[in-house]
Every structure is written in structure tokens, then in C-alpha cells.
Colleague: 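Sending over a structure as C-alpha cells; questions will come in a sec.
Atom set for the values below is all heavy atoms of this structure, side chains included, hydrogens, waters and symmetry mates excluded. Residues: numbered from 1 along the sequence shown.
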Amino acid sequence: MTRALSETLDQLEKSVHGDSIAVQEVVEALGRKSFAALMLIFSLISTSPASAIPGITAIVATIVFILVVQMIFGRQCVWLPGVITRRRMSSAKLCKGIGWLRRPVRFVERFLKARLTFLLHRPWILLPLLLILALTLFMPFMEVIPTSGSIASAVIALFAAGLLTRDGALVIVSLVVLLGVPLAVWRFGFGG
């Protein structure tokens, strides 16, 4: 069993101090080379109760877009523009979100292991990266449809968890779930 996801939450929780935390502090806590951990944390924030904060889905989409572009081009260290790194989040809401995520993360970790790792290397990794990139372009518009941004963020979280734990099977699962996002958006946004 891998504890990579719980350890990422632990790292983030240890970095929280004061009333609020800047995105820059999150990046520093998780490491400038950890694209997958940063993608995971920001997408999990958008699937947790913290997603109720107006604009959080658009911010997460922007951050993930920038991370994915850098991954596609093979950049070794994370770069985010100052307008994003200076943004602050409520420490209380962040810690509440981390607490909310602990149980599902522990449950999921029981099933994760390194497998199908060839999918995590070029050229195979480019397809999921491009699909996640396309998804981030639509996420800001999903804010008007309740839960759709959280569903999109969950797809990104699955993908990032697959990268972080070296589990190619989880990357495949994320792509299968990604195919269901348009149906879910239609169902919850226009069919209900």
C-alpha cells in the first residue's frame, strides 16, 4: 500500500499557519518539482467543501492548466505567476477540507500500487495531459452548474493521484471518468 496521498495531505497541513495561506506557501511546502502533488492538492481543494468559495474552480483550473503546460514541455520546476502565488486561502477552510479528504484518501490508498508505469512516460502520458488541459479550459464555465466543477476536479485528482503513486491503472480510470464529465454536466445542469 502506498501512502503518497496521505503524505501529501500531511505536508500541506504542516505548512498551514495563521489565518490564511498563500498559494506560494503551498508550492514551497509540496516542493517546486512536485507537479503531481500540486495538481492533486489543488484539485482536491476544488472537490472538498472549500469548493463552495466563489471562483475556486476557475482558480484551480488556471493553476492546473499552467502545471500541465509545463509538464507537456518537460519543465523540471514549477512556475506560477505572481498573481496566483500571492492569492490567499482561509487556513480554517483549507484544514477543514484536508480533514474531510483524509477518510476517502485512506480508503483509496489501499488499492493503489505501481502498475502500468509505461503509461506515465512519453509518448503515452501526452494523451491524458492534453485531455486534462482541455478540461481545464471548460472548468471556469462549470461554476454556473452546481457540482460540475467538483466532478471535473475529481477527474484531475484521480489523474494526479495516478501520477503520484505511479499507478497507470488509475490514470486510465481518470480518463474513463473524464468521458462521463459532459454527460454529468448535461444531466445535473440541464436535465434536472
Side-chain angles (χ1 to χ4, degrees), residues 1-71 75-109 112 132-133 135-137 139-165 174:
M1 177 179 89
T2 177
R3 289 201 71 251
L5 307 182
S6 291
E7 287 168 5
T8 301
L9 291 178
D10 293 344
Q11 282 178 283
L12 181 59
E13 195 168 47
K14 285 177 189 168
S15 72
V16 176
H17 52 82
D19 292 337
S20 64
I21 182 170
V23 170
Q24 179 66 35
E25 294 172 87
V26 173
V27 172
E28 296 298 335
L30 297 178
R32 292 200 151 274
K33 293 188 177 190
S34 189
F35 288 90
L38 289 167
M39 193 183 305
L40 176 68
I41 287 300
F42 287 111
S43 59
L44 285 176
I45 288 169
S46 189
T47 60
S48 77
S51 65
I53 301 167
I56 197 76
T57 300
I59 292 167
V60 166
T62 303
I63 291 170
V64 172
F65 178 89
I66 293 168
L67 292 173
V68 170
V69 167
Q70 291 176 70
M71 291 171 75
R75 189 171 166 89
Q76 297 300 309
C77 292
V78 172
W79 172 86
L80 291 171
V83 68
I84 291 175
T85 57
R86 287 189 296 270
R87 288 205 55 115
R88 300 191 74 79
M89 299 176 277
S90 161
S91 293
K93 286 183 180 174
L94 183 59
C95 287
K96 181 179 179 183
I98 291 169
W100 181 84
L101 291 166
R102 289 228 181 252
R103 183 175 287 168
V105 162
R106 275 195 302 269
F107 175 78
V108 168
E109 281 178 329
L112 303 179
I132 295 294
L133 193 68
L135 178 62
T136 62
L137 295 175
M139 284 174 65
F141 304 106
M142 293 178 172
E143 289 220 26
V144 297
I145 302 170
T147 72
S148 64
S150 292
I151 294 168
S153 294
V155 169
I156 294 168
L158 285 172
F159 172 71
L163 287 179
L164 198 59
T165 59
S174 73

Colleague: What pairs with Ala36 under side-chain contact (heavy atoms from CB on, under 4.5 Å), at least two apart in sequence or on another chain?
Modeller: Leu163, Leu164
Colleague: Hey, are the side chains of Met139 and Ser153 touching, using non-hydrogen atoms and a 4.5 Å cut-off?
Modeller: yes
Colleague: If you define the side chain from C-beta out and look only at heavy atoms, does anything of Leu94 sit under 4.5 Å from Leu12?
Modeller: yes
Colleague: Would you check if Met89 and Val26 make a side-chain contact, meaning some heavy-atom pair closer than 4.5 Å?
Modeller: yes
Colleague: Would you check if the side chain of Gln70 reaches a backbone N or O of Trp79 as a donor-acceptor pair within less than 3.5 Å?
Modeller: yes
Colleague: What's the shortest heavy-atom distance between Ala157 and Leu40, and which atoms?
Modeller: O-CD1, 3.5 Å
Colleague: Would you check if the side chain of Ser150 reaches a backbone N or O of Thr47 as a donor-acceptor pair within less than 3.5 Å?
Modeller: no
Colleague: Give the minimum heavy-atom separation between Ile66 and Pro81, together with the two atoms involved.
Modeller: CD1-CD, 3.6 Å
Colleague: Would you say the side chain of Arg75 lies within less than 4.5 Å of the side chain of Leu67, judging by non-hydrogen atoms?
Modeller: no
Colleague: How far does CG of Leu44 sit from CG of Leu5, to the nearest 0.5 angstrom?
Modeller: 8.0 Å
Colleague: Using distance alone, with no hydrogens and no angle criterion, decide if Glu28 and Gln24 have a side-chain donor and acceptor under 3.5 Å apart.
Modeller: yes
Colleague: Under 3.5 Å, is there a donor-acceptor pair between the side chain of Glu109 and the main chain of Ser6?
Modeller: yes
Colleague: Taking Ser46 for the side chain and Ser43 for the main chain, is one N or O donor matched with an acceptor at less than 3.5 Å?
Modeller: no
Colleague: Check Gly31 against Leu38 and note the closest heavy-atom contact, atom names and distance.
Modeller: O-CD1, 4.0 Å
Colleague: Evaluate the side-chain proximity of Thr136 to Thr62: yes if any heavy-atom separation is below 4.5 Å, no if none is.
Modeller: no
Colleague: Would you say the side-chain atoms of Ser91 pair up with the backbone N or O of Gly18, donor to acceptor, closer than 3.5 Å?
Modeller: yes
Colleague: Using the side chain to side chain contact (heavy atoms under 4.5 Å, CB included) rule, pick out the option among Ile132, Ile156, Leu135 that qualifies with Val68.
Modeller: Ile132
Colleague: Should Val78 and Met71 be marked as a side-chain contact (heavy atoms from CB on, under 4.5 Å) after you check the CA-CA gap, both sets of side-chain angles, and the distance that decides it?
Modeller: CA-CA 9 Å; Val78 172; Met71 291 171 75; over 6 Å; no
Colleague: Do you know the tightest heavy-atom contact between Pro104 and Leu101?
Modeller: CD-O, 3.2 Å
Colleague: Looking at every non-hydrogen atom in both residues, tell me the closest pair between Ile21 and Ser15 and how far apart they are.
Modeller: CD1-OG, 3.6 Å
Colleague: To the nearest 0.5 Å, tell me how far Leu30 CG sits from Thr8 OG1.
Modeller: 6.5 Å
Colleague: Might you point out which heavy atoms bring Gln11 and Ala29 nearest each other, and give the distance in Å?
Modeller: NE2-O, 3.4 Å
